[in-house]
Amino acid sequence: MFGIKADWSLDIQERYFTLDDYEGNEARWCSGCGDHAVLATAHRILRDAQLPPEKSVFVSGIGCSSRMPHYMATYGLHGIHGRALPLACGVKSRRPDLDVWVATGDGDCYSIGAGHWIHAVRYNMDMTVLIFDNQIYGLTKKQTSPTSPIELKTNTHPEGASLDAMNPNTVTLGITNASFVAQVVDWNPPLLHETLKAAHAHKGASFVRIIQRCPVFVDSITKELQEDASRLRLLTHENGIPVAKGVEKLFPDSVEHDPSDMAGALRIARDETEKGIIPVGLLYQNQNIPCYSDLSGQGVETTDEEKIAATNAALDVFAI
Amino acid sequence: MFGIKADWSLDIQERYFTLDDYEGNEARWCSGCGDHAVLATAHRILRDAQLPPEKSVFVSGIGCSSRMPHYMATYGLHGIHGRALPLACGVKSRRPDLDVWVATGDGDCYSIGAGHWIHAVRYNMDMTVLIFDNQIYGLTKKQTSPTSPIELKTNTHPEGASLDAMNPNTVTLGITNASFVAQVVDWNPPLLHETLKAAHAHKGASFVRIIQRCPVFVDSITKELQEDASRLRLLTHENGIPVAKGVEKLFPDSVEHDPSDMAGALRIARDETEKGIIPVGLLYQNQNIPCYSDLSGQGVETTDEEKIAATNAALDVFAI
Amino acid sequence: MQPQTKQEHIVEIVSDSGEGAQKCGQTFGTISAKMGNGVWTVEIIPAEIQPPARTPSGASGIRIRLGSKEITNVGNEGDLVVAFNEQVLYSRIANGAYKEGTVVLLDNRWESDRSTEIQQMYKKAVAEFRDHGLVVHELPIHEACLKVVKDPRKGKNMFVLGMLCRIYNRDKEMGRNEIALTFAGKAEKIITSNQKLFDAGYQFAAEQLGEYFFEIPTREDRSDSPMVVTNGNTAVGLGVMASGMELVSMYPITPATSASHYLADVFPAAGGFVHQAEDEIAAIAFAIGASYAGKTACTITSGPGMALKTENIALAVMAEVPLVIVNVQRGGPSTGLPTKIEQGDLLSALYGEPGDAPKIILAAATIAECCSMVVLARKLAESFRTPVIVLTDANLATGVQPWERPELSRDMLAPPLDQSEWNSDIPAYDWDEKTGLSQRPIPGMPNGEYVLTGLSHTKQSKVSYESAENQYSATMRSRKLATLQSTLTPPNIHGDESGDMLVVGWGSTFGAIEEAVDNLRTTGEKISSIHLRFLSPLEPGLTEIFSQFKKVITIEVNYSDDINAPMITTENRRYAQLAMVLRVQTLADVDCWSAVYGHPLQPEMIGNVLQERLNQLNKKTGE
Amino acid sequence: MQPQTKQEHIVEIVSDSGEGAQKCGQTFGTISAKMGNGVWTVEIIPAEIQPPARTPSGASGIRIRLGSKEITNVGNEGDLVVAFNEQVLYSRIANGAYKEGTVVLLDNRWESDRSTEIQQMYKKAVAEFRDHGLVVHELPIHEACLKVVKDPRKGKNMFVLGMLCRIYNRDKEMGRNEIALTFAGKAEKIITSNQKLFDAGYQFAAEQLGEYFFEIPTREDRSDSPMVVTNGNTAVGLGVMASGMELVSMYPITPATSASHYLADVFPAAGGFVHQAEDEIAAIAFAIGASYAGKTACTITSGPGMALKTENIALAVMAEVPLVIVNVQRGGPSTGLPTKIEQGDLLSALYGEPGDAPKIILAAATIAECCSMVVLARKLAESFRTPVIVLTDANLATGVQPWERPELSRDMLAPPLDQSEWNSDIPAYDWDEKTGLSQRPIPGMPNGEYVLTGLSHTKQSKVSYESAENQYSATMRSRKLATLQSTLTPPNIHGDESGDMLVVGWGSTFGAIEEAVDNLRTTGEKISSIHLRFLSPLEPGLTEIFSQFKKVITIEVNYSDDINAPMITTENRRYAQLAMVLRVQTLADVDCWSAVYGHPLQPEMIGNVLQERLNQLNKKTGE
Ligand SMILES: Cc1ncc(C[n+]2csc(CCOP(=O)(O)OP(=O)(O)O)c2C)c(N)n1
Ligand SMILES: Cc1ncc(C[n+]2csc(CCOP(=O)(O)OP(=O)(O)O)c2C)c(N)n1
Ligand code: SF4
Ligand code: SF4
Ligand SMILES: [Mg+2]
Ligand SMILES: [Mg+2]
């Protein structure tokens with residue numbers, strides 16, 4: 001997932017990290033909020049990976065979900081609305097040794113941050129991107145988001161949202177260089193765990209859209225899905241997200257889907273818009289897409305002498 | 001295409017518009033620049049449609065191509081870099097009677113304007129969007145654009161562009177509410193004319209990606225296509241762009257494609273990235289997507305009395 | 001028993017979030033306004049959506065200041081507080097909201113809570129409050145509610161409303177009616193149940209709190225004009241409607257969004273439309289597009305949103321597009337204090353854009369002006385062909401006050417869309433050299449065709465390659481401000497026209513400053529104040545006015561260096577924002593006092609600051 | 001024959017775009033610099049990429065000012081012009097580039113053009129130029145080139161280089177060598193062909209223009225230090241490398257982009273990386289991310305790009321992220337004059353962000369400072385934990401001048417990435433109360449974990465809900481500026497320390513102002529000047545310095561109202577940008593003269609303005 005510098009290894013042998021080592025301030029989300037589940041999963045993934053807390057950076061924009069970095073005991077960058085991705089790309093750019101995560105919301109990523117989303121997929125820098133999609137603006141109290149269902153009554157659309165919900169997966173899959181596209185719901189802990197783990201393990205930008213409960217503002221949206229699992233479609237495959245038997249049973253609708261099959265991924269993703277069937281699992285993965293972070297990080301080991309020599313060489317050209 | 005107010009009709013009967021009536025300042029693009037062809041086509045389409053020049057508005061961002069409004073004798077809004085689409089949506093929002101066109105570049109639309117592109121597709125306001133894709137930043141003198149071919153040497157990437165070119169069509173098609181997606185080359189005048197005409201006639205946001213010559217900075221890219229038409233694939237269909245027999249002959253590779261078939265459109269569009277085969281024609285059309293301009297324009301006829309009455313009613317609620 | 005007469009009282013209701021304190025307080029405020037009192041209501045809002053219960057940071061509630069004069073601000077420390085639990089009071093105490101003798105009516109249910117921990121917290125807190133000088137009454141409010149409803153968490157607020165109505169001798173029937181209005185549209189059952197709670201509360205107060213029985217006489221200065229009660233954001237929304245604008249293009253941001261929420265509800269009835277854009281850049285670009293097309297539009301936002309609009313504002317200035325921008329200021333910089341008040345955006349409004357971008361800037365001083373200034377802004381925007389920024393702030397946005405209902409008229413509305421033929425001899429920017437003003441063609445007008453551009457342009461709106469033309473067009477854009485200034489009158493002076501000290505303010509500090517000045521004047525200080533509504537251009541005559549006072553000082557809610565702090569000298573001191581502007585234009589040695597505590601300035605705080613400076617001044621001048 | 005000695009000369013080469021005039025002039029400038037002259041070169045750039053041939057708006061070329069002193073600006077009217085066609089001269093004349101007696105060496109090929117229209121245009125122009133007082137020599141340049149190459153459009157420039165080298169008595173071998181350097185990497189054939197053209201031109205001038213034979217003596221004030229010749233944008237690039245920064249994150253925008261082009265070429269050799277982001281917002285966010293992670297980064301842009309970065313700059317200020325922002329100013333507002341010079345972004349740099357956002361602002365006055373200030377900026381950014389804005393402008397960006405080669409050293413470079421263990425007792429913002437300074441933990445440091453946020457935060461970087469904490473952290477951020485100021489010395493006074501008039505400037509007007517002041521001083525005027533490099537904080541001691549002069553005036557390239565214009569009063573006058581800042585901080589009645597003609601200010605123009613004000617002053621004070 002990411003390189004640890006040579007001079008670190010010894011130290012690491014001696015440190016054993018418990019969940020405590022990853023837990024930051026007490027989470028201040030509403031009770032029943034799906035964000036809690038994602039947070040707990042992230043703690044566990046880091047613990048399982050035994051990554052030193054100082055080597056991970058959680059980067060976010062603004063929104064309820066973007067508070068996540070405060071609840072981690074790692075480094076964090078709680079940025080500004082919509083800019084989580086370029087901030088995170090910057091962190092990674094010259095620090096390939098850092099383990100970078102992004103926490104962003106459906107407004108933060110798909111609305112104000114839409115341009116960066118497109119381009120972060122293109123850059124494919126090595127990072128794990130969690131999109132907390134509660135289909136609403138939470139922090140600012142119930143305005144329409146791009147993924148809000150049409151006709152949902154919100155404070156900005158009291159008569160109901162006027163546009164069909166955006167399908168983020170068909171967009172992400174359409175962006176050249178997409179390398180890891182998955183979708184999961186927050187209320188299935190084992191699936192959430194396996195999905196984030198696979199995303200974290202993937203070298204490249206892993207985009208995980210997490211369909212997230214916001215009981216305070218749009219309780220019914222996810223409640224319906226929780227109550228009627230037939231609207232979800234589990235994607236299974238040996239190269240996909242590992243699904244325990246017990247978990248698979250919970251999904252009346254499941255389908256084998258090879259994550260290397262882009263055409264299939266697109267078809268499955270489109271079913272969400274066209275048939276209301278929400279895929280859960282790994283839509284697409286391609287491990288051969290180059291990572292821009294490998295390029296941007298070139299030269300980080302340059303010594304002072306080399307820098308001075310290169311600058312002198314540059315000056316020589318203009319010498320008189 | 002757009003509604004002309006009742007009190008206009010009489011007047012129109014009496015006016016006959018020639019090409020002159022649509023021609024603005026002398027175009028200052030380089031000789032051999034593909035933009036000239038698009039401009040001439042726009043003049044002709046308006047002339048053929050006999051639209052009064054004062055009823056059309058050409059809106060653009062910044063770039064070589066964004067100079068287009070200056071070369072029209074209609075109204076124009078030469079805006080700021082990347083914001084052509086929201087400016088145009090604003091023009092249309094309360095003036096459904098105006099005929100709105102957008103001229104934008106590959107940098108203007110797909111890079112700095114990417115977020116607005118996504119959302120303008122969603123809004124599907126009734127307008128004709130021309131994306132002049134020369135695969136380079138022209139006005140600022142040869143920097144990499146999102147659609148620049150990988151390894152293209154530019155001033156910002158002297159060793160060659162580092163990312164695979166973005167495929168704009170797979171993105172546009174992935175955005176919920178896409179209603180008209182076409183692609184054309186600037187150097188085939190009849191095809192260009194028919195494509196823009198169909199786009200103009202479509203009610204909704206018609207996105208036309210025009211592959212455009214920039215002989216000054218990236219001559220070879222389009223020269224290759226001009227010389228070897230086998231890299232293009234003509235899309236034909238009775239509901240597609242009408243293609244004269246003589247024109248069809250020029251394309252060794254042509255395929256029948258029903259523009260209502262989204263899956264097919266996606267496959268054809270993806271071939272551009274995966275196989276280097278560039279589709280030319282109508283990728284997708286859906287006339288049933290609601291237009292946000294129909295919604296945003298509601299109430300434009302409200303009288304002063306009605307406005308005052310509504311405001312008084314609103315005040316009544318707080319009266320003490 | 002006769003009620004005790006009080007000229008004014010400050011009441012707070014403090015609870016956990018979700019217990020309805022705000023609805024209770026607003027209803028109480030409305031009843032009081034209807035009965036002819038001056039009223040100012042301000043919400044106490046926790047930073048989180050669902051803060052944990054029974055914690056200081058979760059304090060949610062409302063403050064109502066009512067009196068027999070017009071009330072223009074939140075006032076100083078509270079007189080009487082109803083608290084649903086004891087913990088929430090800690091944050092109010094930390095904020096300096098109470099004084100010795102403030103009466104606290106505290107629900108005593110926690111004393112006998114199942115959790116002994118809570119019992120202890122409760123006892124400890126009550127003891128501490130008493131030590132602090134608060135007069136705490138532990139009352140069985142919860143228990144009393146239980147006699148009427150099963151779950152007092154839903155309904156306690158109306159019980160408390162009843163208590164307050166008795167304590168302040170409000171008309172009981174009016175209270176019951178107001179409940180009916182508040183729950184209008186809800187099931188009859190709900191209304192009667194709440195009215196029962198109200199009655200119970202009324203009786204409870206009569207029985208248990210007989211000693212607290214006050215009369216706040218009707219305002220003497222009350223005009224006969226009809227009044228409305230709203231907060232500032234609703235007033236902005238009403239202003240948009242009254243102005244005849246048809247489009248608000250916005251992106252959600254606290255504390256501005258509720259203005260758009262309100263409009264989303266009522267605007268369609270007036271033929272208007274609220275566009276929620278994908279971001280603030282798109283929001284303003286959309287508004288500019290509509291304005292260009294002849295429908296002057298409005299965009300409403302706050303700090304970070306203003307930052308994003310910077311480039312488009314410059315376009316609107318350069319291309320002379322009428323546009324109304326409402327900035328409900330919040331604490332900055334960056335995400336800052338999103339729900340808190342600050343007046344920190346004056347300089348960025350003036351100078352935010354690279355290059356010279358003159359524009360009109362107004363600041364609302366009262367809730368009524370949140371409405372009237374939007375109406376004015378549309379007119380100015382069109383007459384001067386320029387964006388107009390209206391500054392309000394979180395204090396006005398959430399403060400509630402009765403204000404004179406505007407009499408609507410056609411000439412407040414935008415003129416009808418002109419689609420007549422344009423005289424083709426007139427260029428698109430037919431600058432009148434003396435004033436900088438020009439008429440504009442609107443798309444659809446035959447012969448008016450031109451291309452609006454952000455590039456330097458000629459009168460004809462052609463891209464200009466000539467060096468003199470850039471200078472000329474810049475001059476014309478700037479001259480419009482001087483032209484507007486020439487139509488303005490000097491600001492009113494509150495107090496004498498000369499004296500020791502002149503206080504200058506702008507925005508929502510209006511009421512607090514005047515109250516502080518009035519208090520000082522009663523003690524014999526020679527102090528006056530002016531309050532600016534126009535910040536760009538400034539109202540005229542300031543140099544002359546300033547010259548009549550020994551000292552001029554601004555009071556503002558933004559950051560300035562304290563001249564006595566380490567490292568700070570007169571030369572490097574960073575002044576409060578209006579103070580800077582005044583120093584530039586008048587060269588008077590305008591001093592400033594400002595702070596960014598995130599809460600509205602209280603008259604007492606201002607009074608203390610001014611008293612100190614007056615003492616220094618008189619010492620210095622040897623008086 | 002002996003050449004005539006001249007202290008300085010201004011030469012222009014003007015042509016259609018694409019004829020290589022710029023390469024010719026740059027090579028001529030380099031040769032002159034190598035021979036020990038002072039040199040300033042500035043490009044004449046048409047607004048379009050391929051403007052039509054033979055049109056005034058298509059004028060493309062270069063101006064070279066060379067002399068026996070250090071040359072710091074473009075100077076006044078030209079002495080000698082080589083023109084490839086007559087039409088392009090019209091635009092130069094319109095810009096006031098020539099005077100009576102300017103020698104024009106004009107290619108006469110148009111006289112016999114196939115098109116009679118062109119023939120007539122040519123004749124008419126020549127006559128008009130002569131009427132205008134220009135000394136026109138019609139020369140068969142094209143014809144002479146044809147003898148050496150088939151297509152003189154490719155090569156005429158080297159022929160002209162030869163002519164100029166003869167006219168200014170340059171070392172011929174050095175000229176030939178310079179051609180070899182210019183075309184290094186090209187085929188040998190190309191080099192020799194160009195050298196042949198050069199030789200032919202040299203001979204042509206000797207034969208046809210014997211009367212023009214000048215000697216510009218070597219600079220006497222020339223130091224022995226090694227020199228380099230570059231434009232300001234290249235100097236910025238070199239500064240980035242010399243500072244040890246590893247990342248430039250940018251989005252293309254004129255006139256800033258060429259700095260990044262240059263870096264894209266050479267930066268990788270120093271281990272650096274240029275990131276072209278999707279827009280300016282992403283560019284700065286990317287840089288902030290890298291800076292947060294311990295690699296202080298740089299973003300380079302111009303006006304509209306600055307506007308877009310506003311919100312992120314506020315984040316960097318609030319969260320105290322070191323960052324270098326280079327703003328190559330261009331004409332504004334909005335798209336404005338993209339290729340032209342203006343100093344219009346001082347106020348937006350200072351006050352662009354909603355809320356209080358103190359930051360360090362430097363302005364380069366020379367091309368050398370374009371390099372050294374970037375090095376300084378990185379250091380300041382890290383020491384003061386803040387963004388630093390370096391202002392340059394289009395004049396510096398494209399001007400070419402020899403400057404002292406910096407001696408590189410390790411202490412110019414960023415310190416190595418610190419990954420040692422952080423002392424967990426030290427909070428993330430361990431503000432020193434006296435200075436506002438603090439150390440920061442870098443991701444990767446064990447025990448340093450914290451969450452950077454744009455919200456109001458405590459020392460520990462926790463979201464702050466306490467009102468006093470916002471005031472405290474704002475104070476700490478502001479205090480850093482005062483701390484920095486306390487380490488600065490007052491600006492040098494150019495001229496006497498007291499007198500009638502003090503001129504204050506900043507940025508690229510440095511050379512022109514000092515030259516104008518020197519000229520006035522030789523005529524006996526009591527005038528001095530200072531030139532500020534620090535704009536935030538200001539350099540200290542200004543009040544004291546100003547007090548020694550009867551009048552203080554700024555000269556700037558940005559918009560200000562003319563006090564004599566209609567509607568303008570002392571109270572509503574909009575001052576030039578530095579003048580405003582100085583008035584706030586010193587209360588001196590700082591006057592200003594500024595203009596936005598889009599071209600660099602010439603010493604003569606400044607001299608005239610100052611002379612007029614001096615006359616007024618002396619009249620007023622009765623001298
Ligand atoms: C520039 C800017 N615009 C607007 C806001 C206000 N704002 C904060 S969070 C948010 C949207 C939150 O929605 P989402 O991203 O879906 O996150 P959630 O709260 O639902 O997790 C908005 C509009 C802001 N902070 N900054
Ligand atoms: C905010 C902003 N950033 C950057 C620029 C500079 N700029 C002008 S046009 C352009 C890109 C042009 O490329 P494209 O959109 O592909 O149009 P083309 O010139 O190729 O037609 C850029 C970066 C600008 N004007 N404004
Ligand atoms: S408002 Fe919704 S998204 Fe935000 S914390 Fe509460 S439940 Fe979660
Ligand atoms: S630079 Fe390219 S895109 Fe621009 S006008 Fe010239 S040929 Fe056309
Ligand atoms: Mg959300
Ligand atoms: Mg392009």
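Below, chain A is the first sequence line, B the second, and so on; all start at residue 1.
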Salt bridge present between D:Arg574 and C:Asp356 (N-O < 4.0 angstrom): yes

Options C:Gly332, C:Gly303, C:Ser91, ranked by heavy-atom pairs under 4.5 Å with chain D, top entry: C:Gly303

C:Pro304 portion near chain D, given a 4.5 angstrom heavy-atom threshold: both

Contact origin within C:Pro46 toward chain D - heavy atom pairs under 4.5 Å: neither

Contacting region of D:Gln485 [heavy-atom separation from chain C under 4.5 Å]: side chain

Proximal component of C:Glu539, with respect to chain D [non-hydrogen, under 4.5 Å]: backbone

C:Ser478 OG to D:Ile568 CD1 distance, which is reported to the nearest 0.5 Å: 5.5 Å

Winner by heavy-atom pair count (cut-off under 4.5 Å) against chain D, out of C:Lys309, C:Glu353, C:Met306, C:Gln329: C:Glu353

Spatial distance of atom OG (D:Ser464) from atom CG (C:Leu337) [nearest 0.5 Å]: 6.5 Å

D:Pro56 portion near chain C, given a 4.5 angstrom heavy-atom threshold: neither

Heavy-atom proximity to chain D below 4.5 Å, by part of C:Arg330: neither

Contact summary for D:Pro333 and C:Arg477, nearest pair of heavy atoms: CD-NH2, 3.7 Å

Which atoms of D:Thr570 approach chain C - backbone, side chain, both or neither, heavy atom under 4.5 Å: backbone

Option in C:Ser57, C:Ser456, C:Ala319 with maximal non-hydrogen atom pairs under 4.5 Å from chain D: C:Ser456

Partner chain D: residue of C:Gly541, C:Ser560, C:Ala357 with the largest heavy-atom pair count (under 4.5 Å): C:Gly541

Option that, when pairs with chain C are counted at under 4.5 Å, heavy atom only, ranks first among D:Thr483, D:Leu582, D:Val463: D:Thr483

Derivation of the side-chain contact (heavy atoms from CB on, under 4.5 Å) call for D:Gln471 and C:Tyr559: CA-CA 8 Å; D:Gln471 175 72 26; C:Tyr559 180 78; 4.1 Å; yes

Part of residues 586-594 of chain D lying next to chain C, heavy-atom separation under 4.5 Å: D:Leu587, D:Ala588, D:Asp589

Under 4.5 Å from any heavy atom of chain D - which part of C:Glu469: neither

Under 4.5 Å from a heavy atom of chain C, the part of D:Ile313 involved: neither

Among C:Gly598, C:Gly336, C:Ala316, residue most engaged with chain D (heavy-atom pairs, under 4.5 Å): C:Gly336

Region of C:Ser536 in contact with chain D, defined by heavy-atom distances below 4.5 Å: neither

D:Val584 and C:Tyr575, any side-chain heavy atoms less than 4.5 Å apart: yes

Identified side-chain contact (heavy atoms from CB on, under 4.5 Å) partner of C:Thr335 from the options D:Leu455, D:Leu315, D:Thr453: D:Leu455

Rounded distance (nearest 0.5 Å) linking atom CZ of C:Arg583 with atom CZ of D:Arg583: 11.5 Å

Choice from D:Gly352, D:Pro566, D:Ala94 maximising heavy atom contacts with chain C below 4.5 Å: D:Pro566

Nearest atoms (heavy-atom pairs only) where D:Ala482 meets C:Asn572: CB-ND2, 3.6 Å

Euclidean distance, D:Leu308 CG relative to C:Ile281 CD1, rounded to 0.5 Å: 5.5 Å

Heavy-atom contact with chain D under 4.5 Å, split by part of C:Leu346: neither

Minimum heavy-atom distance between C:Gln577 and D:Gly355, given as atom pair plus value: NE2-O, 4.3 Å

Choice from C:Gly436, C:Pro540, C:Pro358, C:Gly305 maximising heavy atom contacts with chain D below 4.5 Å: C:Pro358

Any donor-acceptor N/O pair, C:Asn470 side chain to D:Tyr597 backbone, under 3.5 Å: no

Distance, nearest 0.5 Å, that separates CG of C:Asp561 from CZ of D:Arg479: 7.5 Å

Qualifying side chain to side chain donor-acceptor pair (under 3.5 Å) pairs with a residue from residues 338-348 of chain D, counting only residues at least two apart or across chains: D:Asn327-D:Asp345

Distance (rounded to the nearest 0.5 Å) between C:Glu571 CD and D:Leu538 CG: 7.5 Å

Structural part of D:Leu350 lying under 4.5 Å from a heavy atom of chain C: neither

